[in-house]
Amino acid sequence: MRAALTEKSINNCTHGSVVRLNDITQDHPMSNVDHVIQDIHDILKSYYEVARKRFVDNICMHAADYHLITGPDTPLKLFSPAFIVSMTPEQIEDIAGEDAILKCKRLTLKKEIQELEAGRKILS
Amino acid sequence: MKVEISKKLVACKESLKGLGADRETQTEQTKYLLAMAMEFQRIVSLALDAKYGGDAVFDQNPSLKLATMVVNRNETFSEAVEANGHTFCFSTARPSDGMGGDVESSVAVLGEALQYDKKGSIRPDDAVNLRTTENHPDLEEILYHQVLLDAPNDSCILTWLKEVYKNSRGFGLGMSDPSLLAITMRKQSVNWTGLAFGYISDIVTMAHTFICESLKFVCPDERVRAGLSSRLAESLLGKYKKAYSFVKFLLDVERSGTPATLNHYFNDNLEKWYVKNPNVVSQKSQRS
């Protein structure tokens with residue numbers, strides 16, 4: 001309060017630091033209701049500023065960052081070795097087990113490799 | 001003959017390699033999945049630390065640069081709430097600048113305010129976009145669907161406040177009812193809901209896209225990946241829903257709870273306001 005009134009003050013007279021009366025009064029007085037409305041407005045404005053900044057910080061830090069990104073239990077941390085280890089053998093077989101076609105291919109290739117290596121041995 | 005056999009042998013071995021690691025026994029299968037999970041978490045670590053040089057995949061797939069995307073979106077959210085979070089623009093006009101006005105113009109302005117209040121009166125030229133990402137098909141059931149928001153009304157906050165005050169005052173002179181702050185704050189922050197849910201929808205989409213893309217990278221086998229995705233889906237959705245619940249919680253606290261703050265800036269700002277307009281202060285002291 002003092003700081004801003006100082007802007008309007010005059011300091012080089014004999015009465016110390018003074019402010020012109022006309023600088024701090026107005027000619028059109030407000031009604032009681034208008035005063036109250038102005039009060040409400042100013043309080044709301046002040047509070048809204050503080051609440052807005054707090055709200056944005058909380059949304060970003062709590063809802064987003066903690067729950068979704070860097071917190072201890074975020075979706076990003078789900079697919080981990082712990083998750084794999086928690087699966088039953090059936091579930092693991094279901095997901096990672098080879099399907100019949102792949103199994104067949106693998107068996108066939110392994111057999112062929114065996115035969116080819118045996119053949120190479122005989123020839124050398 | 002020997003050369004031919006050698007050639008064939010090499011080809012067979014290459015093909016076998018192409019089928020990926022052995023997955024016959026349970027141990028082999030577990031090993032296979034564990035390796036994938038560890039690789040996945042390695043990518044997550046690099047992404048969260050924004051160490052994009054740690055793997056070429058970040059250059060190939062920008063949707064993996066999660067930390068950067070989230071930080072940018074946070075900034076956009078903050079700016080959006082600052083610019084469009086309020087229902088009515090605060091007055092910078094002072095009483096001597098003619099707020100009093102005549103009764104007719106006040107009523108006209110109020111009429112506009114009420115019209116603005118009606119649902120469905122979104123003015124396209126004033127609308128504000130709530131989302132920066134496209135919806136991911138996996139997330140349809142939980143994403144927030146409103147896409148546009150009304151921009152703040154810049155003409156009649158004092159008229160609106162007068163109306164609220166006149167409709168809810170009790171006996172006693174002057175000093176306003178503390179619950180007025182709660183009532184007006186609730187109306188003034190209507191847009192916060194859309195902005196916050198739009199924001200969290202974007203973050204959820206970014207996180208989910210990151211998970212899907214990383215999974216593609218560590219697990220090229222489509223069948224295995226499909227199996228993993230479906231095992232992960234329920235838990236993932238659960239976590240996304242938790243984030244939404246938290247947004248709702250914060251909205252409830254700020255908009256339906258008791259307005260309160262220990263932040264001294266509240267008083268500092270009030271003082272600054274009175275100081276810039278000592279006319280108001282002197283009128284106050286005249287009253288008391």
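The chains referred to below are lettered A, B, ... by the order of the sequence lines, with proteins before strands, and numbering in each begins at 1.
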Quiz prompt | Modelled atom types, side-chain donor and acceptor of A/Gln38 and A/Asp42, under 3.5 Å | solution = yes
Quiz prompt | salt bridge (Lys or Arg N to Asp or Glu O under 4.0 Å) partners for B/Asp221, two or more places apart | solution = B/Arg23
Quiz item: What part of B/Phe90 is in contact with chain A, defined as an atom under 4.5 angstrom from a non-hydrogen atom: side chain, backbone, both or neither?
Solution: both
Self-check item: Heavy-atom proximity to chain A below 4.5 Å, by part of B/Met36
Solution: both
Self-check item: Side chain, backbone, both or neither of B/Leu66 within contact of chain A (heavy atoms, under 4.5 Å)
Solution: side chain
Quiz item: Side chain, backbone, both or neither: which part of B/Leu9 has an atom under 4.5 Å from a heavy atom of chain A?
Solution: both
Quiz prompt | Best-contacting candidate, B/Ser78, B/Ala260, B/Ala196, against chain A by heavy atom pairs under 4.5 angstrom | solution = B/Ala260
Practice problem: Check the side chains of A/Glu93 and B/Gln29 for a donor-acceptor pair under 3.5 angstrom, ignoring hydrogens and angles. | Solution: yes
Exercise. May I ask you to say whether B/Glu254 pairs ionically with A/Arg54, meaning some side-chain N is under 4.0 Å from a carboxylate O?
Key: yes
Practice problem: Identify which part of B/Tyr244 has an atom lying under 4.5 Å from any heavy atom of chain A, answering side chain, backbone, both or neither. | Solution: neither
Quiz prompt | Nearest heavy atoms of B/Ala47 and B/Ala67, plus distance in Å | solution = O-CB, 3.4 Å
Quiz item: Looking at side-chain heavy atoms only, is the closest gap between B/Leu33 and A/Met87 below 4.5 Å?
Solution: yes
Self-check item: Side chain proximity check, A/Ser46 to A/Val50, heavy atoms < 4.5 angstrom
Solution: no
Quiz item: Within the side chain of B/Thr87, is there an N or O that forms a donor-acceptor pair under 3.5 Å with the backbone of B/Lys187?
Solution: yes
Quiz item: Given that the side chain runs from C-beta out, which part of A/Thr74 has a heavy atom under 4.5 Å from chain B: side chain, backbone, both or neither?
Solution: backbone
Quiz item: Roughly how far, to the nearest 0.5 Å, is SG of B/Cys12 from CD1 of A/Ile113?
Solution: 5.5 Å
Quiz item: With only heavy atoms counted, which part of B/Val81 is less than 4.5 Å from chain A, the side chain, the backbone, both or neither?
Solution: both
Quiz item: For chain B, which of A/Lys53, A/Lys103, A/Glu115, A/Glu117 has the most heavy-atom pairs under 4.5 Å?
Solution: A/Glu117
Practice problem: Can you tell which part of B/Ala35 gets under 4.5 Å to a heavy atom of chain A, answering side chain, backbone, both or neither? | Solution: neither
Self-check item: Engaged part of A/Leu116 at the chain B interface, taking heavy atoms whose separation is under 4.5 Å
Solution: both
Practice problem: Using modelled atom types only, decide if a donor and an acceptor are shared between the side chain of A/Lys45 and the backbone of A/Ile40 within a distance under 3.5 Å. | Solution: no
Quiz item: Which bit of A/Asp57 comes within less than 4.5 Å of chain B, counting heavy atoms only: side chain, backbone, both or neither?
Solution: neither
Practice problem: Select, from B/Val253, B/Val70, B/Leu251, the one with the greatest count of heavy-atom pairs under 4.5 Å involving chain A. | Solution: B/Leu251
Self-check item: Residue among A/Thr70, A/Asp73, A/Thr108, A/Asp65 with most heavy-atom pairs under 4.5 Å to chain B
Solution: A/Asp73
Exercise. Can you tell which part of B/Ile211 gets under 4.5 Å to a heavy atom of chain A, answering side chain, backbone, both or neither?
Key: side chain
Exercise. Measure distances from A/Ile92 to the heavy atoms of chain B and classify the residue's part below 4.5 Å as side chain, backbone, both or neither.
Key: both
Quiz item: So how far is it from A/Ile37 CD1 to A/His41 NE2, rounded to the nearest 0.5 Å?
Solution: 11.0 Å
Quiz item: Contact part of B/Glu82 toward chain A, heavy-atom cut-off under 4.5 Å: side chain, backbone, both or neither?
Solution: both
Quiz item: Between B/Arg223, B/Gln188, B/Lys8, which residue shows the highest count of heavy-atom pairs closer than 4.5 Å to chain A?
Solution: B/Arg223
Exercise. Answer with side chain, backbone, both or neither: which region of B/Phe266 has an atom nearer than 4.5 Å to a non-hydrogen atom of chain A?
Key: both
Exercise. Run the numbers on A/Glu49 and B/Tyr265 for side chain to side chain contact (heavy atoms under 4.5 Å, CB included), then give the verdict.
Key: CA-CA 9 Å; A/Glu49 280 295 302; B/Tyr265 284 120; over 6 Å; no
Self-check item: Within 6.0 Å of NZ in A/Lys111, more than 12 heavy atoms from elsewhere
Solution: no
Quiz item: Of all of A/Gln91, A/Lys105, A/Glu112, which one pairs up most often with chain B through heavy atoms under 4.5 Å apart?
Solution: A/Gln91
Quiz prompt | Part of B/Leu228 within contact of chain A (heavy atom distance under 4.5 Å) | solution = both
Quiz item: chain B heavy atoms under 4.5 Å from A/Glu98: which part of the residue, side chain, backbone, both or neither?
Solution: both
Practice problem: Look at B/Glu39 together with B/Arg42 and state whether they make a salt bridge at an N to O cut-off of under 4.0 Å. | Solution: yes
Quiz item: Among B/Asn267, B/Leu237, B/Thr184, B/Val218, who wins on heavy-atom pairs under 4.5 Å with chain A?
Solution: B/Thr184
Quiz prompt | Side chain / backbone / both / neither for A/Asp94 at chain B, heavy atoms under 4.5 Å | solution = backbone
Exercise. Look at B/Ser235, B/Gly238, B/Ala11, B/Cys219 and state which one has the largest set of heavy-atom pairs under 4.5 Å with chain A.
Key: B/Ser235
Quiz item: Considering only heavy atoms, which portion of B/Tyr199 lies under 4.5 Å from any heavy atom of chain A: side chain, backbone, both, or neither?
Solution: side chain
Self-check item: Worked verdict on B/Trp192 versus B/Phe197 for ring pair (Phe, Tyr, Trp, His ring centres under 6.0 Å)
Solution: CA-CA 8 Å; B/Trp192 288 13; B/Phe197 279 120; over 10 Å; no
Quiz item: Taking A/Leu78, A/Val85, A/Val33, A/Leu123 one by one, which has the highest count of heavy-atom pairs under 4.5 Å against chain B?
Solution: A/Leu78
Quiz item: Atom CG in B/Leu180, atom CG in B/Leu161: separation rounded to 0.5 Å?
Solution: 8.5 Å
Self-check item: Residue among B/Ser214, B/Pro259, B/Ser15 with most heavy-atom pairs under 4.5 Å to chain A
Solution: B/Pro259
Quiz item: Quick one: what part of B/Arg73 sits under 4.5 Å from any heavy atom of chain A, side chain, backbone, both or neither?
Solution: neither
Self-check item: A/Tyr66 ring center within less than 6.0 Å of B/Phe246 ring center
Solution: no
